[in-house]
Amino acid sequence: MLKITGLDKITRDLEQAQRAMAGMDGELGTVKFNPHDPASIDAAVQEVERLVDERLGGYSDNPIVGPMIDAMKEQYRTAIFDKAASARLTDGENNVQ
């Protein structure tokens with residue numbers, strides 16, 4: 001006879017992940033920054049990470065949600081840096097004569 005153990009933990013982890021994702025439904029928040037000011041960009045990254053932690057931090061030990069939290073932070077960080085770089089390039093193009 002085959003005995004499977006650990007299903008309770010997996011079920012709990014999946015239920016927590018479902019609750020966590022339901023908590024992410026809707027807008028996370030808004031961050032504003034000056035694309036020419038590195039301190040402003042860094043502050044925006046810290047703010048978005050705080051917003052993610054505020055929503056999902058209680059699930060950080062969950063083996064499903066924990067890695068998703070890290071991935072979300074990285075995606076938001078990259079998006080902020082990309083928007084800042086794009087804004088600087090656009091501003092530079094507008095100033096070329």
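We're numbering straight along the sequence, starting at 1.
- Not counting sequence neighbours, K32 has no partner by the side-chain hydrogen bond (donor to acceptor under 3.5 Å, both in side chains) test.
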Using atom types as modelled, flag every donor-acceptor pair under 3.5 Å from a side chain in residues 63-74 to any protein atom, sequence neighbours excluded.
from : atom 1 : to  : atom 2 : distance (Å)
K73  : NZ     : D53 : OD1    : 2.7
K73  : NZ     : D53 : OD2    : 3.1
E74  : OE1    : R77 : NH1    : 2.2
E74  : OE2    : T78 : OG1    : 3.3

Residues 15-31, side-chain donor-acceptor partners within the protein, below 3.5 Å, at least two apart:
from : atom 1 : to  : atom 2 : distance (Å)
Q16  : OE1    : N62 : ND2    : 2.8
E27  : OE2    : T30 : OG1    : 3.1

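- Using a cutoff of 4.0 Å between basic side-chain nitrogens and carboxylate oxygens, R12 and D8 are not scored as salt-bridged.
- More than 12 heavy-atom neighbours from other residues, nucleotides or ligands sit within 6.0 angstrom of CG on D82.
- Once rounded to the nearest 0.5 Å, the distance linking OH of Y76 with CZ of F81 reads 15.5 Å.
- In this structure, R88 contributes its side chain and H36 its backbone to no donor-acceptor pair below 3.5 Å.
- Here the shortest heavy-atom pairing between A84 and F33 reads CB-CE1, 3.7 Å.
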